[in-house]
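A short worksheet on the structure shown next.
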2 protein chains.
Amino acid sequence: MNQSKRYLDIVRDLRDMIRQDNIRPGDRIPSERELAETLQVGRSTIREALRSLELLGLIETRRGEGTFLADHRNNMLVEVLSTFILQDNQSQKDVRETRQMHELAAIQAICADRTISQMGIWDGFRMRLSEEENGFQREDFVRELMVLSGNRLSLKIWVLLHKYSGNPYNGTVSKAEKERLLNILAAIEQQETDKAAQEFKTWSDGLLKERLRNDS
Amino acid sequence: MNQSKRYLDIVRDLRDMIRQDNIRPGDRIPSERELAETLQVGRSTIREALRSLELLGLIETRRGEGTFLADHRNNMLVEVLSTFILQDNQSQKDVRETRQMHELAAIQAICADRTISQMGIWDGFRMRLSEEENGFQREDFVRELMVLSGNRLSLKIWVLLHKYSGNPYNGTVSKAEKERLLNILAAIEQQETDKAAQEFKTWSDGLLKERLRNDS
DNA sequence: ATTGGAAAGTGGTCTGACCACTCATATTGA
DNA sequence: TCAATATGAGTGGTCAGACCACTTTCCAAT
């Protein structure tokens, strides 16, 4: 009963096709007319799917050349979300504050739970922070903390807020940042709640300031 | 020379139109044919812009009815709640903890804001706490704090969580309780953040214990 | 061998035509 | 009179075909 939303099927087909043919970022994908032919749909439907993926920053189109898998993380999404959905500044501020509220509460919950500190997961955490070949994603760091807090509702709310707050943790941690994150982990491990929360907040706020500077 | 990507202009036009006409989440936006007419572009171009925004979750289309601005705040909350109102104990615990997290964060936000303390609203607060003929509702006390925090998103989340956490603040404040609440207010007024949060938590946890005792 | 331009291929856009669905209204039947 | 039904207008969903603007390729004239 695939009633409406054929273009969503196309999005799915494209994803599968990209996976199956091992199309890598920067590579060209079949032309619109070709896709319409093989998928047995109209070209306009193909285009609706492609336009959606383009606004998401997943593909890149060049007139006269073709359509390509995006190689850079395009932050068009960020711009659209921040200027469209969250219409006024107060809403954006509310989302940011509420998200951070959940993050700080997670840290406090982790610190308050003795059993977590004993489980030796911090060593693994540190190891991945150091060894990750492609660089450690900031987002992964925070999400892991949210998971460790054990509050699944808070985690779900966080995921949604994070999605709507313009990728505040986009990017990988630099060398200097790594030191700060290790400090935060150490504070958590030692159950120094206030210090951990304070340092996390400083780090998080710093990222925000940087992002706001870049946007303006 | 933005020759290509007309649909991106449409996205921008739509944003401006929504702002200018003050279209609120859940409201209907003009039909595709109407937009094509007023913006002087083909309907397919309009559709490419709309499909993009739909994949982003910004709008919602219903065949035969029209296109609507997505109520993103409610949607995400509804999603969270619907997947979460499974009645196991862990969920209940998560709801309680998350709700209290928002309450404590509100108190901290109020304490951090000097302008609130100066506005003399605390006297009015105290007065109503003393004079209310039918007794002061606990729920009103907490809600007022949430409102004063100024974070509307947090307030919305709190209202829903409160509804789903078994009316923890049901009932009116007793004489003894009134003293405790006055203490909390005083601490907030003096911007003694930690003390205010601590006393509030004690009061809130006490109510919960009492309720759990009554239920079993 | 170099260069100029045509040809082919691609994305960008518009038009007009259906279809499927919703809703308000008019019509019909009891 | 009132309820059930039929209708028509309006809307999103999809398709086919036609151009346009642009890039790349390749072949022919120099």
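A note on names: the letters A, B, ... follow the listed sequences, proteins ahead of strands, and every chain is numbered from 1. Quantities reported herein were computed from a predicted structural model and do not represent experimental measurements.
The side chain of A:Arg33 has C:dT10 as its nearest neighbour among D:dC15, C:dT13, C:dT10. Picking from C:dG11, C:dC14, D:dG12 the nucleotide with the shortest atom distance to the side chain of B:Arg43 gives D:dG12.
Where B:Ile29 and A:Gly42 each meet DNA chain D at their nearest nucleotide, the meeting point lying more 5' is that of B:Ile29.
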Report the C-alpha separation of B:His102 and B:His162 in whole Å, then their side-chain angles, then the decisive distance to 0.1 Å, and conclude whether the ring pair (Phe, Tyr, Trp, His ring centres under 6.0 Å) test is met.
CA-CA 11 Å; B:His102 279 260; B:His162 181 257; over 10 Å; no
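Checking the phosphate oxygens (OP1, OP2) of C:dG11, no side-chain nitrogen or oxygen of A:Arg47 falls inside 4.0 Å. The phosphate of C:dG12 (OP1 or OP2) has no side-chain N or O of A:Arg62 nearer than 4.0 angstrom. Taking side-chain N and O atoms only, B:Thr67 has no distance below 4.0 Å to OP1 or OP2 of D:dT11.
No hydrogens or angles considered: a donor-acceptor pair under 3.5 Å links the side chains of B:Thr61 and B:Glu54. Neither side chain, B:Asp94 nor A:Ser154, offers a donor N or O lying under 3.5 Å from an acceptor on the other.
For the pair A:Glu48 CD and C:dG11 P, the computed distance is 16 Å after rounding to whole Å. Here the P atom of nucleotide C:dC14 and the OH atom of B:Tyr7 are 15 Å apart, to the nearest Å. Separating the CD atom of A:Glu60 from the P atom of C:dG12 is a distance of 11 Å, rounded to the nearest angstrom. Whole-Å rounding puts the B:Leu35 CG to D:dG12 C1' distance at 12 Å. Taking atom CZ of A:Phe68 as the reference point, atom P of D:dT23 lies 12 Å away to the nearest angstrom. Taking atom CD of residue A:Glu34 and atom C1' of nucleotide C:dT10, one finds them 11 Å apart after rounding to whole Å. Residue A:Arg51 contributes atom CZ, which lies 8 Å from atom P of C:dT13 at whole-angstrom precision. In this structure, A:Glu32 places its CD atom 15 Å from C1' of D:dC15, rounding to the nearest Å.
The pair B:Asp27-B:Arg24 does not count as a salt bridge, with every side-chain nitrogen at least 4.0 angstrom from each carboxylate oxygen. Using a cut-off of 4.0 Å between Lys/Arg side-chain N and Asp/Glu carboxylate O, B:Glu32 and B:Arg51 are scored as salt-bridged.
Heavy atoms of A:Thr61 sit under 4.0 angstrom from primed sugar atoms or phosphate atoms, though from no base atom. Contact annotation for A:Thr45: backbone-only contact, meaning every heavy-atom pair under 4.0 Å involves sugar-phosphate atoms and none involves a base.
Each of B:Thr193, B:Ile110, B:Leu148 was checked for a side chain to side chain contact (heavy atoms under 4.5 Å, CB included) with B:Ile188, and the lone residue meeting it is B:Ile110. Remark: of the listed residues A:Glu139, A:Glu103, A:Gln137, A:Glu103 is the sole one forming a side-chain hydrogen bond (donor to acceptor under 3.5 Å, both in side chains) with A:Tyr169.
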Kindly give the atom pairs (protein nitrogen or oxygen, nucleotide nitrogen or oxygen) under 3.5 Å for nucleotides 6-9 of chain C.
from	atom 1	to	atom 2	distance (Å)
C:dG9	N2	A:Gly64	O	3.3

